[in-house]
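Letters A, B, ... are given to chains in the order of the sequence lines, protein chains preceding strands, and every chain is numbered from 1. Just so it is clear, the values below take in all heavy atoms, side chains as well, and ignore hydrogens, waters and symmetry mates. Keep in mind that what you see is a predicted model, and the values were worked out from it rather than measured.
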2 protein chains.
Amino acid sequence: MGSEGSTVKERLLKSATEVFGEFGFKGATIREICRRAGVGISLVNYYFRDKEGLYLEVYRELFTGAIREYPPDMGLDENAVPEDRLSAFIRSFLYRMTMVGGRHSLIMRELLDPSPSLIRLHRELAMPLQKTLTEILTELLDPQCCEEDLGYCATSIIGQCMFYGPSTQRFRQRIFSLDSDEKIELVTSIITAFSLGGIRAINEKEHTKGVIHEA
Amino acid sequence: MGSEGSTVKERLLKSATEVFGEFGFKGATIREICRRAGVGISLVNYYFRDKEGLYLEVYRELFTGAIREYPPDMGLDENAVPEDRLSAFIRSFLYRMTMVGGRHSLIMRELLDPSPSLIRLHRELAMPLQKTLTEILTELLDPQCCEEDLGYCATSIIGQCMFYGPSTQRFRQRIFSLDSDEKIELVTSIITAFSLGGIRAINEKEHTKGVIHEA
DNA sequence: AGTTGTTTTAAACGCTTGTTTAAAACAACT
DNA sequence: AGTTGTTTTAAACAAGCGTTTAAAACAACT
């Protein structure tokens, strides 16, 4: 059952990643995690203090591992044009989501009812991503755009990406799932084009203040 | 404690809406729901068969109530220009989210681990929304755009809106929360402009097939 | 072989959950 | 007043949870 050939701690982390991904924090049980790891049920408390301690370590490992494999610049030169860097950012985001998610989703799942320590951890881990996107948008947006416009554009871009995540799979048709590298590339190009058009529109709006606005 | 002056069934529905919204389906307990309604704990099973029966009724009531109050056309004439109808659609979406959500979120919350009956119910309820957006996009997109492009644009728009929902509140800064009507109007205009720009970009891309694409 | 400290187990604890049961309270009608 | 059927309660049930405990297995070193 439990994959031998590695330490108990590693096996627990692996099975915990599976089980938390399938059932979420509340739905996952220590018993099932230990069953899949092939060990007794008290070892979680022995190695990770408690259930949340194990969860935090799984979360951190998944997050940093995904960023290590798909960094937000995707190895692109930092002097590349911002359009290409935006595309790389979106591509990396989509790859990380499908990598971490698989059929299920762990990251961006429990964020509905997160414990304070999880919020802190997530904020810490997501910091470099936010920084990268801000840098890209600073170059793409007109200098006269206010800081809030930048935030709204970032929100629109992240929102589009996240909606392709496994957590919202039930909403979409199967056609729009990221189930192959080709599909990821296609969605990357769509979101990139859509967003560049959106950014252009925001820039134009900034030029012609006084927008038509229906009641 | 429990607001008197209405039937037990109504009081249960009301407190269940609160508790499910705060803790989600799995986190909510029948005992807490009944405590807030001021009745014994067996009445949920008496009136609604079981916990899921109560949840489905709460979900349906919330969803249809929100659409009744903020219909996807916002009372706009159906001959209005598609730009305005898109704006109205986005506005209604945001209003429904904040209305249903409040501090917490019920709809679009348990969709991560939904029961089969909840999926069925949600699909049924969300149908008219999808239909409305499709109609709008049909007018906005070039006739030569394929059906998939329409789906991707719809996904981008819904994704942007949903990311302002209460479920992802922890991700954003407080500035980008929909905590007043003015903020909703502002976000509506941003998402509308951004999306119209995005749609225009998709239309243009369709004209000039053979897009630059970095490795 | 014996001691010491770590790792692992099996069993139990205490608590909470959704649901059921049997009886009590109530209302309506004869 | 008495019967009947519905509504409500309080208590109990069975199952599952995270965690703890005490003892067993193991390894390393003297």
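- Checking B:Cys153, B:Ser195, B:Cys145, B:Pro82 one by one against B:Leu137, the side-chain contact (heavy atoms from CB on, under 4.5 Å) holds for a single residue, B:Cys153.
- Counting any heavy atom pair closer than 4.0 Å across all strands shown, A:Val44 reaches no nucleic acid atom.
- Nearest-nucleotide assignment on DNA chain D puts the 5′-proximal partner with B:Gly40, out of A:Asn45 and B:Gly40.
- Between the CG atom of A:Leu43 and the P atom of D:dG18 there is a distance of 15 Å, rounded to whole Å.
- Distance B:Glu32 CD to C:dT17 P: 9 Å, rounded to the nearest Å.
- Computed from coordinates, the A:Arg49 CZ to D:dT20 C1' distance equals 14 Å when rounded to whole Å.
- To the nearest angstrom, P of C:dG18 lies 4 Å from NZ of B:Lys51.
- Between the B:Lys51 side chain and the B:Ala28 main chain, a donor and an acceptor come within less than 3.5 Å of each other.
- Close placement of the A:Phe20 and A:Tyr55 rings is indicated, their centers lying within 6.0 Å of each other.
- Among D:dA11, C:dT9, D:dT8, the nucleotide with an atom closest to any side-chain atom of B:Ile41 is D:dA11.
- For B:Arg31 and C:dG18, a side-chain-to-base donor-acceptor distance below 3.5 Å is present, hydrogens and geometry of angles not being considered.
- Within the structure, every side-chain polar atom (N or O) of A:Tyr47 is placed at least 4.0 Å from both OP1 and OP2 of C:dT7.
- Positionally, the nearest nucleotide of DNA chain C for A:Tyr46 lies more toward the 5' end than for the other of B:Thr29 and A:Tyr46.
- A:Ile33 has its CD1 atom 12 Å from the C1' atom of D:dC17, to the nearest Å.
- In this structure, A:Phe48 places its CZ atom 11 Å from P of C:dT8, rounding to the nearest Å.
- Atoms CZ (A:Phe23) and P (D:dG18) sit 12 Å apart, rounded to a whole Å.
- Residue B:Val39 is in sugar-phosphate contact alone, with no base atom involved, counting any heavy-atom pair closer than 4.0 Å across all strands shown.
- When both distances must be under 3.5 Å, the Watson-Crick or G-U wobble mate of D:dT30 is C:dA1.
- C:dT8: Watson-Crick or G-U partner is D:dA23, with both key distances under 3.5 Å.
- In this structure, B:Tyr152 has its ring center closer than 6.0 angstrom to the ring center of A:Phe176.
- For C:dT16, the paired nucleotide is D:dA15, the pair qualifying as Watson-Crick or G-U wobble because both relevant distances are below 3.5 Å.
- Closest to the B:Ser42 side chain, of the nucleotides C:dT19, C:dT8, D:dT9, is D:dT9.
- Residues B:Glu69 and B:Arg96 are not paired through a salt bridge, judged by the lack of any N-O separation under 4.0 Å between the basic side chain and the carboxylate.
- What separates CZ of B:Arg35 from P of C:dT17 is a distance of 12 Å, to the nearest Å.
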